[in-house]
Amino acid sequence: MFIAAMIGVLITMLMALVRALSGPTVFDRILAVNMFGTKTVLFIAVLGFLSGRPEFLDLALVYVLINFIGTIAILKFVRFGKVETA
Amino acid sequence: MSDALGLYNYWIAIFLMMVGFYNVIASGNLVKKLIGLSIFQTSVFLLYITMGKVKDGTAPILGDGYDTFSNPLPHVLILTAIVVGIATTAVGLALVVRIQEHFGTIEEDELIAQEDSP
Amino acid sequence: MIHVVDMTLLAFLALVAIAVTRMTNLFATSVLTGVYSLLMACIFTVLDAVDVAFTEAAVGAGISTVLFLATLSLTTQREKPQRSPNWKALCVALLTGGALVYGTFDMPHFGDPQAPVHQHVGPHYIGVSPTQIGVPNMVTSVLASYRGYDTLGETAVIFTACMAVLLLLQHEKRRDEQSTVEKKPDKEAMEHAIILRVQSKFFIPLILLFGLYVQFHGDFGPGGGFQAGVIFAAGIILYSLVNGLDKARQIIPPNVLHGLVAFGLLLYAGTGLASLFMDGNFLQYRALAEEATHGEHIGILLIELGVGITVATVMTSMFFSFSGRRRS
Amino acid sequence: MDLIVYYASWALLLCGAFLCAIGGLGILRLPDFYSRQHAAGITDTLGSAFVLIGLMLQSGFSLNAAKLVMILIFLILTSPVATHAIAQAARQSGLEPKVVAEEDEA
């Protein structure tokens, strides 16, 4: 069962990754990166149960925090750094 | 599975190392060089952590019912190396900012051209 | 199963690395390095290195991305396109890589418990740490106690790097001087993003609280001074992203910040000296209390606190000095 | 009772994984940025919540479950705000949604 969830998460990660790599606009990339970040949170949570030691969920919390801060930083830069959006 | 591909992790580490290395020597942009350098750095981290893994082991934190642990020593080395790595990268980035302010460019060839023709 | 997950993630990692190399848009490249770090952190978790994954996620995806972006906003966003791949460099990289791959054929296989790495100090630490130090997290006990000298050195390196960044970016050309000329009130603050501002009011205290948890729970689970420091710094960075740099500088004046950078390192070294005066060796914490493990506990707590303070303030002041600089 | 909880967590995990995969497909296949946001929304809130609640049922009443609740709260606090901020930034930078079919039919 955890294996099924893990496969789902990995496939989603791959698809988000492809979108992040291919663009085409900057915002697509940011959206995909943000989504990728949430999927890593799920990945860590499921991995803990899959490997039989689910004590390390603190890690997933850090991922949520950092992912959010990263996205906000990128957006701030887009707004004030005069990024070419294409 | 693990026997046939027992060296896979090392190969990926080497591949990443070479990608970083290529970026450092081939790219003319100083920021790109630093990105290459940080890829190189993380590949070394990956190599160390891979070596520390023990089959059927678990994270080196005591708990009920766990008696095989991965080697904590590489973890300690890499843990501090990551933080030191970002600190040194920041120094590099600060230098890049100053170079931009002084020369108006961070492309290597343009910098060399400026140096040659005063 | 874990092997398959490991391999999939490594393949993703290689994909991202190639994409980073091929892109000339430096902004997109910096964004992708964030993904790269998250992936790397996932792999570290798969390989049982939870503490390392903690640090890599916080440092790589958080602080590192922010610093790269800050640099880009001060320099340029596009790399000069190259006509073709640099064949000479490619050849050198391929040759070196080939030699290294040839070298791996003699390496012990992945996860081999008989590998030379697992024969000497590692098992010793695993064996004696629970009774000698009495801290469940072996990474903490090795980091803070057995290899306390190393960690002191690393903290000193971070301190030095912070000094270098401050020296390079602090003087002249600061934004303060410019802002007196063209005073746009809080142009940097995200005034219009109301949802974000309200949410960050809830969220930043949670981040700081979580930072404290990571700091003091580091003996028992993944965490410790390095990770907590970075999380704390991330909270402060979020505040200054949302409310503007000037407001953040009002809350933590640079003088206090720079003082704390030194204080953390001094706390670490001071703990070492204290154990020296209490009939122990330098950084031999067991001298700090009657009972050996109790002394170790006090020592580890103090030096982790020192590390945490230094790392948090170093990261914050680095961020302040990067984003406080005006674009030339 | 245990059996019900077991099957419920089964179902939730599978649903969550399925929703995540759907969202992933959406972000890959949908035509423009604004429509892709819908796909991202599914995975970030509903998909994640299903997977996390499924894991909560698995771990029972314990510290792990509490941590999972925290993760869920954090995700619900951050992810919609981040998506909203991205959309806002895109709108303000002048990115236009792709509108094709309407004009043909009208």
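Only a predicted model underlies this, so the values are computations on that prediction, with no experimental measurement involved. Just so it is clear: chains get the letters A, B, ... in the order the sequence lines come, proteins before strands, and each one is counted from 1.
- Aromatic ring pairs are classed by plane angle as parallel below 30°, tilted from 30° to 60° and perpendicular above 60°; the pair F27(C) and F77(A) is parallel.
- Contact check for F56(A) versus T45(C): no side-chain heavy atoms found under the 4.5 Å cut-off.
- When each of A58(C), G223(C), A19(C) is checked for heavy-atom pairs under 4.5 Å with chain A, A58(C) comes out on top.
- L65(A) contributes atom CG, which lies 6.0 Å from atom CZ of F210(C) (distance to the nearest 0.5 angstrom).
- Within the 4.5 angstrom heavy-atom criterion, only side-chain atoms of Q199(C), from C-beta onward, approach chain A.
- Heavy atoms of L50(A) lying under 4.5 Å from chain C belong exclusively to its side chain.
- For the pair T8(C)/M13(A), no side-chain contact is recorded, criterion being any heavy-atom separation below 4.5 Å from C-beta on.
- Within the 4.5 angstrom heavy-atom criterion, only side-chain atoms of L9(C), from C-beta onward, approach chain A.
- In this structure, Q227(C) CD and L59(A) CG are separated by 9.0 Å, a value rounded to the nearest 0.5 Å.
- Both the backbone and the side chain of A41(C) come within contact range of chain A, judged by heavy atoms closer than 4.5 Å.
- For the atom pair CG (L39(C)) and OG1 (T40(A)), the distance works out to 8.5 Å, reported to the nearest 0.5 Å.
- Heavy atoms only, all atoms of each residue included: M6(A) and V5(C) are closest at CG-CG2, 4.1 Å.
- To the nearest 0.5 Å, atom CG of residue L15(C) and atom CG of residue L14(A) are 7.5 Å apart.
- Here the closest heavy-atom approach between residue S51(A) and residue I2(C) is recorded as CB-CD1, 4.2 Å.
- Between chain A and the residues A70(C), S200(C), G62(C), A53(C), the most heavy-atom pairs under 4.5 angstrom are made by A53(C).
- For the set L38(C), I207(C), I237(C), the entry with the most heavy-atom pairs within less than 4.5 Å of chain A is L38(C).
- Contact annotation for V46(C): both backbone and side-chain heavy atoms come within less than 4.5 Å of a heavy atom of chain A.
- Taking the side chain as every heavy atom from C-beta outward, L238(C) and I72(A) approach each other to under 4.5 Å.
- The part of L32(C) that comes within reach of chain A is its side chain, from C-beta onward, which places non-hydrogen atoms under 4.5 angstrom from that chain.
- At a 4.5 Å heavy-atom cutoff, the contact between L47(A) and chain C is made by side-chain atoms alone.
- With a threshold of 4.5 angstrom between heavy atoms, L21(A) approaches chain C through its backbone and through its side chain.
- Atoms CG and OH, from L61(A) and Y213(C) in turn, are 8.0 Å apart once rounded to the nearest 0.5 Å.
- Ranked by non-hydrogen atom pairs under 4.5 Å with chain A, the options P222(C), C42(C), G235(C) are led by C42(C).
- Across all their heavy atoms, S240(C) and K76(A) have their closest contact at O-NZ, 4.2 Å.
- Both the backbone and the side chain of L10(A) have a heavy atom closer than 4.5 Å to some heavy atom of chain C.
- Separation of atoms CG (L75(A)) and CG (L69(C)) is listed at 10.5 Å; rounding is to 0.5 Å.
- Proximity to chain A involves both the backbone and the side chain of F54(C), based on heavy atoms less than 4.5 angstrom apart.
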